[in-house]
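Everything below concerns the one structure shown next.
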Protein chains: 2
Amino acid sequence: MTHHAEIALSDPLLIAPINAAKELFWRQGYDETSIEDVVCATGMNRYALYNAFGGKLELFLAVMESYFIERKNLFMTALSDPQGGPMAAIREVSEYCITEMTDRGAGCLMCDVAAEVGRYDKAVSERVLSYLEEIRSADEMALAQADERGELNPAISPKEGAALLIANMLGVGAMARNGAGRKELLTLFNTCLRLLGRPTGAQSHLRKRRNPKTTAVKQI
Amino acid sequence: MTHHAEIALSDPLLIAPINAAKELFWRQGYDETSIEDVVCATGMNRYALYNAFGGKLELFLAVMESYFIERKNLFMTALSDPQGGPMAAIREVSEYCITEMTDRGAGCLMCDVAAEVGRYDKAVSERVLSYLEEIRSADEMALAQADERGELNPAISPKEGAALLIANMLGVGAMARNGAGRKELLTLFNTCLRLLGRPTGAQSHLRKRRNPKTTAVKQI
DNA sequence: TCTGACTTAGAATGCCTATTCTGGATTTGC
DNA sequence: GCAAATCCAGAATAGGCATTCTAAGTCAGA
């Protein structure tokens with residue numbers, strides 16, 4: 001009596017258990033999360049749990065799928081038709097993700113936890129890459145809009161910029177996992193975003209302060 | 001009869017076993033690497049292994065320390081007095097790291113594997129953060145030199161740029177762990193490096209191709 | 001060559017965890 | 001209210017793994 005992730009996801013009664021399990025896997029990783037933990041956190045009976053999902057791996061697959069869909073929706077709705085402009089939308093959605101990470105002291109569920117599982121199961125690691133590509137292409141869409149509005153740094157293409165954003169968020173996740181603070185991570189993300197944007201003359205005053213020897217001349 | 005990581009590191013006979021174990025932990029992670037694996041890979045007797053290190057955790061600590069020192073040396077020697085200029089040195093050392101990662105389908109031993117162990121042991125996660133800071137400050141040093149030579153993007157400080165580089169490399173590691181290819185990762189890193197450098201007029205031709213409507217005017 | 005310390009290979013131990021089983025409780029359909 | 005199906009809690013089961021033990025083998029020094 002094996003059940004598939006899709007079936008589990010479509011059952012409204014399983015939404016709460018899946019979310020509880022997601023929280024555990026996200027915070028603790030796959031190996032470090034025991035079925036006992038899941039039983040306690042969901043309040044679900046062990047027997048019922050095995051009946052509903054089939055086993056630990058299948059449960060994780062359902063969690064992963066749920067995360068995938070949720071995250072895809074988040075990015076798609078935020079970036080496909082951004083009200084306050086594409087760059088603002090990217091900032092908003094990314095800062096939301098950073099908050100999620102620092103709240104949990106964890107990175108991306110797909111990229112970090114699923115990668116752990118991907119060692120056994122090639123299908124999982126392929127799913128992770130497809131997730132990354134999905135998010136990247138949403139970012140690329142937004143950056144293409146930014147480009148049309150002249151808000152993208154001319155030195156890069158929307159595609160390159162999107163890849164950079166993804167890598168930066170993954171890096172932020174790695175740092176969150178190791179205990180870096182929210183403020184530090186936001187600063188880091190802002191640096192990335194600043195470089196992605198079209199350079200403005202106003203920014204050069206930073207340089208003046210930093211290296212007066214060569215740029216002490218007033219620039220007003 | 002407990003031995004400490006420092007003692008193990010100073011014994012030349014243990015260098016080879018430590019390197020073999022490092023390879024295993026790096027590729028497979030901490031939990032996924034059994035002592036049996038280590039026994040096979042090092043050719044060392046189980047008893048001798050326990051005598052030399054004390055246990056699995058202590059072995060990993062020795063591995064971690066070895067990686068730390070090795071990596072610190074790599075960055076320090078490459079970046080403290082770079083012959084071909086600071087930006088070239090950063091590129092060189094980073095590309096070396098990317099090769100190490102793609103060779104193993106893994107990220108950074110400290111940031112990824114040690115983070116796994118850091119869940120049990122606070123001292124380990126603090127060590128990871130101190131490692132990150134060490135590398136970041138080496139990058140910052142190089143970027144400060146670049147700044148003095150007018151090679152740094154005026155929109156950012158050496159400190160910000162160094163943090164961005166670290167995050168980018170961590171992101172690259174996360175992607176390598178999930179099976180991304182070397183070429184893709186090099187492209188990604190190059191984008192990052194391009195943005196860190198001082199923008200040149202020549203780059204704007206990229207933009208012309210992408211968005212002819214607004215920049216079709218010849219710019220030579 | 002002999003002795004005593006050290007090393008080895010592999011078996012035993014003990015713990016932890018996923019999964020299954022079981023006998024009793026609870027719900028459901030009528 | 002009742003029979004049948006379903007669900008529950010916790011006890012077995014089974015396998016994996018770190019760590020320790022053991023009994024035989026090896027080596028160094030005289």
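Below, chain A is the first sequence line, B the second, and so on; all start at residue 1. The shown structure was predicted, so the numbers you read here are calculated from the model rather than taken from an experiment.
- Between B:L57 atom CG and D:dT19 atom P the separation is 8 Å, expressed in whole Å.
- Atoms CD (B:E36) and P (D:dG16) sit 13 Å apart, rounded to a whole Å.
- Atom pair B:Y50:OH and D:dC17:P shows a separation of 12 Å (rounding to whole Å applied).
- Heavy-atom contacts from other residues, nucleotides or ligands closer than 6.0 Å to OH of B:Y96 number 12 or fewer.
- B:E23 has a carboxylate O that lies under 4.0 Å from a charged side-chain N of B:R104, or vice versa, which qualifies the two as a salt bridge.
- For the pair B:N45 and C:dT7, the criterion of a side-chain N or O lying under 4.0 Å from OP1 or OP2 is not met.
- Atoms CG (A:L49) and P (C:dT17) sit 16 Å apart, rounded to a whole Å.
- Under 4.0 angstrom from either OP1 or OP2 of D:dC7 there lies no side-chain N or O belonging to A:Y47.
- Among the nucleotides D:dA11, C:dA18, D:dT19, the one closest to any side-chain atom of A:I35 is C:dA18.
- Ion pairing between A:E134 and A:R71 fails under the 4.0 Å rule for side-chain N and carboxylate O.
- The two atoms that bring B:M64 and B:A114 nearest to each other are SD-CB, 3.7 Å, heavy atoms only.
- In this structure, B:K56 atom NZ and D:dA18 atom C1' are separated by 8 Å, rounded to whole Å.
- Atom pair A:E32:CD and C:dA18:C1' shows a separation of 15 Å (rounding to whole Å applied).
- Rounded to whole Å, atom P of D:dA18 lies 13 Å from atom CD of B:E58.
- The nucleotide whose nearest atom lies closest to any side-chain atom of A:S34 is, among C:dA18, D:dT19, C:dT8, C:dA18.
- Across the protein-nucleic acid pair, B:N51 atom CG and C:dT7 atom P stand 7 Å apart, rounded to whole Å.
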